[in-house]
Amino acid sequence: MTDHNDLPVPGRRRALTSLLAAGTVAGTVGSSLRLTGNASAADEPPKDALTPHGHQPSNAHIEPADQPGANNKPVIRTQSDYFYRPSIHFSPPTGFMNDPNGLIFDGQTYHLYYQYDPTAPYAGRVHWGHATSTDLYTWQDQPIAIDQTAAGEAYTGCVVLDRNNVSGLFPPRKPDETPAPATPATTTATQAAVQALAPELRKTTSDTPFAPDRMPALGPNASAPFGSVYAPPNGDEVHTAPPALPPMPGGLVAIYTRATPQSQTQYVAWSPDGGQHYIDYDHNPILNIGVNSFRDPKVFWHEASGKWIMVVVSSRAHKVLFYGSIDLLHWMHLSSFGPAGLFGVDYECPNLIELDIEGEGKGSRWVLFVSVNPGGPLGGSVTQYFVGDFDGERFTPENTVIGLTDFAKDSYAMQVYDSMPDNQAVYFAWFGNWQYCEEVPNRSWRGLMTLPRRMSLRRDEMNWLRLVQRPYGLEAFRGEKIPFKVDRIAAQSGVQVALPTGTAIELLLTVTVDERSNPQPDGEQGRAGRFVIVFSNGQGESLSIGFDAFSSQLWLDRGDLHGFSQPFFTERFSTPLIANSRRFSLRLVLDACALELFANDGLSVATALVFPANPLTTLGLQATNTGATIEELALYPLRKTMDRPTAL
C-alpha cells in the first residue's frame, strides 16, 4: 500500500488476458515472441529506446576472459588470495564473480545466484553460479545453475516462484504422486528426475570449478606475517542440496538475458529440482527487441494489477522498460522511463520495489533503482534511485531529484530479494567497481557481495525522502564484545585498542564533538574540531574515517594503505550528514578487503574495498582541537561464516 489513493488502470490486464485467449501471439525479431493484435503503437517501446547498436559494444566494460587464449593463462595463487578473502562476506570459490542474480527465498532456503566465470579471474564466459543459505550469511556452494551455451552467455536476471504453474513449464503432477523418501541408500525422486534430464541439463562433473580449498594450506612464515591460513579439514568439495520445495504444481522460474556480441534477448528457464539446475524454455527468447543492449530483467508479482511486471533496460538508450504478463512467457510493453538521472554509458540492473516510510502511519513509496556504468560522480560504477509511484503500468517520480545508494564507489548492480518473510526489502549488491575489479591483488578469485541490507525510506531534515540501509541479521554473528570503554576524549588526545588478527569486526559508535568558543581556522585541525577513527599497523599504514564538526561532513580515507594502487582507485570520499550538527553515529564492518559504513542509522552509506599490505592491528579514536563525548561504543568480533581459506 502507498499513501496515494490512485488506483491502477486495468486496461492492459484485460488486454493481456484477451490476447492470450484469442491466441494472437506472433513472432517478431528472430524466434522471439511478443503479444500483438489489439495492442496499439503506444504499447510498444518508443523507437528511440530501441535504436540498433550493432556497431557498438554491448557492455561498457571489456571481458578479457572472452579473448582468444585467455583461459590458457595460468592463475597465480598468492598469499593475497588468503589475506584479502573475507570471512563473513560471500565470495566465489575461484574465478570471477559480479552481479547478484535470482535472489529469492523459496520458503525454506535463500538462493544467491551470481554472474560467474568459473574458468578465470576475469569477466567473461558468464554462467550463473549458485549458493544457498538459511540465514543469508552461512552459504553452501551449489553446482552451476545456468550455463553459457551456443546461444550466448547467461547474463543477469531474476528468479520467481511460479507456485501454481501459470507458465505451464512444469510437467503435470499425477494425483497420487508424492516425493520419494530421502534415504542415504536410495535415489530420491528429485535425483531421479535430474538424472533423467541430464542430457537436457548438459551437466557434467567438469562443470564444478576446482576450489582453492584443495590447495595446500600455507602456514605462517616470514613472508606471511598475518598468521596461519584457514583450510577446511576435508579438501573434498561437497554440494549439499537445499531442502526440497513442498509439493506444488509449479516451482522456480528464471528470467534472464542471453547475450552475444550481436544480440541480447530475454530467456525463461524452469527448475526441476528446486533451483539446482534450470532448463531453458523450448521457444526462447520470450522477448527480443532487436538490439544488443537490452538486458537485466527483474520480475515481480504486482498484486494490485494482478500481473507479473518485468523491469528491464534498453541500456545504451538510457531507458527503463516496463512489461506485463500473466504467464511469464508472453509480455506486453506497458511504458518506458527515461532517460533520467546520470548521463553514464550503460544503464543496467533495474529494480522496482515498494518501500515503507519510517514512522507509524507514514505510508510507502515505490523506488526505482538503476545502475550506471561508467558515469558515477566518483568514476566508474554507481547505483542511482528515484522515489515515486507505480500504478501497475508506469513509474512516475515524485520530483526531479535522484539519490545515490553509496557515497563511496564499490557497490553496484544491487538486486532485491523476492518473497522475503514479512515482505522485507533486503538486497545484495556486487562489492566492486568496473574500473579496477579485474586488477585487484587477489588472483585466483575476484568479486564479493556486500552484507545483506534491509531498506526503508526516511525523511531527512530537509523533508526529502531518502533511502535508509542497514545490515540485515548481522547481530546473530557477533562474538563476545572486545573490552573498549571510553566516555570522553580530550582535545589533542586519543585512545587505542588492539584488534584480533584475521577476524571481521563490527564497530558501533555515537559521538558528540564539543562546541568551540572560537571556531576559527586551525590548520589541519578543523574550525570546529574533528573526530577521527583510525585502523593502523606498525608498518605505517592507516585507514581513517573522520567527522568534521564545522561542516557536519564524514570522510573515508583509504589512501594510506599500500596493498593496491591503480589510477581509478579513488582514495578519499566524503558525504554531508545533518547540517549544523556536531553529533553523528556510525556502524562499521571491516572484513579483510571489505569495508562498509552506515552513518546516522543508515541514512548515509559507504562501500569500499581496502587493501592494506599488512594486517591492521590497532583501532584508535582521536579528537583534534576540541574534545568529544562518546555516547555509545561497542566493538565486536564477527564469527566466520564462509567456508573459504582465509588468513586467521
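Quick note: numbers below take in every heavy atom, side chains included, and nothing from hydrogens, waters or symmetry partners.
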Side chains of [X] and [Y] only: does a donor on one sit below 3.5 Å from an acceptor on the other?
X	Y	value
Asn101	Gln115	yes
Gln496	Thr618	no
Thr383	Ser371	yes
Glu596	His89	yes
Glu631	Thr510	no
Ser87	Asp591	yes

Q | Glu480, CD atom: more than 12 neighbouring heavy atoms under 6.0 Å | A |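 No, because the 6.0 Å sphere around CD of Glu480 holds 12 heavy atoms or fewer from other groups.
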Q) Under 6.0 Å from the CG atom of Asn580, do we count more than 12 heavy atoms belonging to anything else shown? A)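 No, the 6.0 Å shell around CG holds no more than 12 heavy atoms from other groups.
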Q) Quick one: ring-ring contact (aromatic ring centres under 6.0 Å, His included) partners of Tyr113, sequence neighbours excluded? A)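 His111, Trp128, His130, Tyr278.
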Q. Any sub-3.5 Å donor-acceptor pair from Glu348's side-chain atoms to Asp296's backbone N or O?
A.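 Not at all, since once roles are kept as given, no pair shorter than 3.5 Å links the two residues.
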Residues [X] and [Y] bridged, charged N to O under 4.0 Å:
X	Y	answer
Glu475	Arg587	yes
Arg470	Asp601	yes
Arg644	Asp141	yes

Q. Pick one: which of Phe598, Trp555, Phe547 meets ring pair (Phe, Tyr, Trp, His ring centres under 6.0 Å) with Phe584?
A.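 Going through the options one by one, the only one that passes is Phe547.
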Q. Hey, what's the ring geometry for Phe386 with Phe337, parallel, tilted or perpendicular (30° and 60° as the breaks)?
A.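 The rings of Phe386 and Phe337 stand perpendicular, inter-plane angle above 60°.
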Q. Below 6.0 angstrom between ring centroids: does that apply to Tyr114 and Phe90?
A.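 Yes, close enough.
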Q. Are Tyr110 and Phe105 close enough that their ring centers fall under 6.0 Å?
A.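 So the answer is yes for these two rings.
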Q) Pick one: which of Gln469, Arg453, Lys409 meets side-chain hydrogen bond (donor to acceptor under 3.5 Å, both in side chains) with Thr607? A)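 Passing option: Arg453.
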Q. How long is the span from the OG atom in Ser419 to the CD atom in Gln424, to the nearest 0.5 Å?
A.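 CD of Gln424 is found 12.5 Å from OG of Ser419.
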(Q) Rounded at 0.5 Å granularity, tell me how far CZ in Phe431 sits from CG in Leu609. (A)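 Rounded to the nearest 0.5 Å, the CZ-CG separation comes out at 5.5 Å.
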Q: Identify the heavy atoms of Val497 and Pro483 that sit nearest to each other, and give their distance.
A: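 Reported closest heavy-atom pair: CG2-O, 3.8 Å.
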Q: Indicate the atoms forming the closest heavy-atom contact of Cys593 with Phe611, along with that distance.
A: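 In this case the closest contact between Cys593 and Phe611 is CB-CE2, 3.7 Å.
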Q. Taking Arg530 as the fixed residue, which of Asn625, Asp548, Thr626 is the one that meets the side-chain contact (heavy atoms from CB on, under 4.5 Å) rule?
A.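 Option passing the side-chain contact (heavy atoms from CB on, under 4.5 Å) with Arg530: Asp548.
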